[in-house]
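Following: one structure in structure tokens, then a few remarks.
Reckoned from all heavy atoms, side chains included, excluding hydrogens, waters and symmetry mates. Just so we're on the same page: letters track the sequence lines, and every chain starts at 1.
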Amino acid sequence: MKKSILLVCALLSTHLLSAQESTQSVMESSGKIFVVLATVLVIYAGFMIFLTVIDRRISNLERQIKD
Amino acid sequence: MKKNWWKILAALLLLYTILAGFLIPLKSGIEYVNKDNVNSGADFEVRAYCYNTHFSEVDEIRAWLKIDSSHIIKAKEVKAVGNLMADISFSLPQFLPNNKSHVATLIIDNKKDGYAILPSAIQINQIAFDTILPEENFEYVSSLDNELITINSLSFPYRNILYETIRNLFFHVPLWFGMLIIFLVSMIYSILYLRNKNEIYDMKANAFTQVGILFGILGLVTGAVWARWTWGAWWSFDVKQNMSAIAMLIYIAYSVLRASFDDVEQRSRVSAVYNIFAFSTLIPLLFVIPRLYDSLHPGNGGNPGFGGEDLDDTMRMVFYPSIIAWTLIGVWVAQLTYRYLILKNKLIYNRNNKNRHKN
């Protein structure tokens, strides 16, 4: 499972790197609206990671209470 | 439910921020013109490349070249080329005001899009003439007050370079406002801890600091994304960027400091004092030092903040609710964190008690 995820990530990143010029043109298109989208996605990712961390800590706590 | 009304408010305000922030359109604007230098006494045609305009849908487009507040030249003819381009022809007087060269502002308006301005659009050079026309009666428009068409529908201001990214004001800036409020609350809890020595205050301060760090890091990353496509680089070592990164490092050191103590009371006391110190460095790092140096960031070093026409009433209508929304979301997440910390503390306390009874 982990290996396949890593593989997909690697493929995606090489694809992104080779397509850097098209990324540039996408970000500059439509009045740079995709920059705003990227900003919102960064915040979304940040909150998701933070919530996952709290979630994992609480699961840990629940396991301790059971023991 | 009654106790949690502010969580519902947070969710609603955030929804409003995202919807209004994305759906309200931008005003029309002039991106650039294909001529930047013309000579006095000549007729010339210039093509204006515009944003968000609907030239082919309107009957009449008007245009002016503004030399100064009382010398404005009306265009002879404006032809629409599709929706976003217009060919504008002007004829210039032989002698400009004060017999000097001027940099003129281009103004275009029409009934559908309202008016758009491109400051310092075209330089008009005063050239010497061998034959001077006997009498030149050039007709200037003396004022455009009450003349320009404004549209009343909701719209955000258009800014060159920024374009639609002006909407980031509702996502990047409130993170910093929220962070500031959250760190302030954290510091207040630290002071309360030092006064009352109640462990719960320390846990609350810890939780708020963690969320503040999350906000600060997100603020840095979103700022870098915004900068990449407006300033041209992810990190331009701008004084505002550097100082906020330092402020974040100081707060990350708070977490490291906490982890380095075994004794609970000592940890709480030292980290409370450190937290007060961290907040008192935050203010000069974010609001004093950047103002003393040249900075690309709005609001610093000779660079005006979002204000005046940048932050118009429509922007404020979304901006202020967005600050409240992000702050409340931060408080919510902080509350989850400290509720967890308090539970964990209780568990450890109970376990220690049990062990003591056994012994």
- [ ] Examine whether an atom of Val35(A) lies under 4.5 Å from a heavy atom of chain B, and if so say whether it belongs to the side chain, the backbone or both; otherwise answer neither.
- [x] both
Open item on the list: For Leu343(B), which atoms come within 4.5 Å of any heavy atom of chain A: side chain, backbone, both, or neither?
Closed with: both
TODO: To the nearest 0.5 Å, tell me how far Thr337(B) OG1 sits from Ile54(A) CD1.
DONE: 3.5 Å
Task: Point-to-point distance, once rounded to the nearest 0.5 Å, from CG of Leu26(B) to CD1 of Ile33(A) - done: 8.5 Å
- [ ] Calculate, to the nearest 0.5 Å, the distance between atoms CD and CG belonging to Glu164(B) and Leu37(A) respectively.
- [x] 12.5 Å
- [ ] Side chain from CB out, backbone as N, CA, C, O: work out which of these in Ile161(B) comes under 4.5 Å of a heavy atom of chain A, or both, or neither.
- [x] both
Open item on the list: Distance check, rounded to the nearest 0.5 Å: Arg167(B) atom CZ versus Lys32(A) atom NZ?
Closed with: 14.0 Å
Open item on the list: Out of Leu347(B), Asn350(B), Val221(B), return the one with the most heavy atom pairs under 4.5 angstrom to chain A.
Closed with: Leu347(B)
Open item on the list: Under 4.5 Å from any heavy atom of chain A, what part of Tyr340(B) do you find: side chain, backbone, both or neither?
Closed with: both
Open item on the list: If you apply the rule side-chain contact (heavy atoms from CB on, under 4.5 Å), what do you find for Met27(A) with Arg228(B), and how did you get there?
Closed with: CA-CA 10 Å; Met27(A) 289 307 255; Arg228(B) 171 63 186 81; over 6 Å; no
Task: Student check: side-chain heavy atoms of Val42(A) and Phe171(B) closer than 4.5 Å - done: no
TODO: Under 4.5 Å, heavy atom to heavy atom: which of residues 206-219 of chain B reach chain A? Give them by number, or say none.
DONE: Gln210(B), Val211(B), Leu214(B), Phe215(B), Leu218(B)
Open item on the list: Let me confirm one number: the CH2-OG1 distance from Trp229(B) to Thr39(A), rounded to the nearest 0.5 Å.
Closed with: 9.5 Å
Task: Ile329(B) side chain reached by Phe47(A) side chain, heavy atoms, under 4.5 Å - done: yes
Task: Distance, nearest 0.5 Å, that separates CZ of Arg57(A) from CG of Leu336(B) - done: 11.5 Å
Task: Lys344(B) (side chain) donor-acceptor with Leu61(A) (main chain) under 3.5 angstrom - done: no
TODO: Could you look at Phe22(B) and say if it's the side chain, the backbone, both or neither that has a heavy atom under 4.5 Å from chain A?
DONE: side chain
Task: Heavy-atom pair count under 4.5 Å with chain A, highest-scoring of Asn168(B), Thr222(B), Val225(B) - done: Asn168(B)
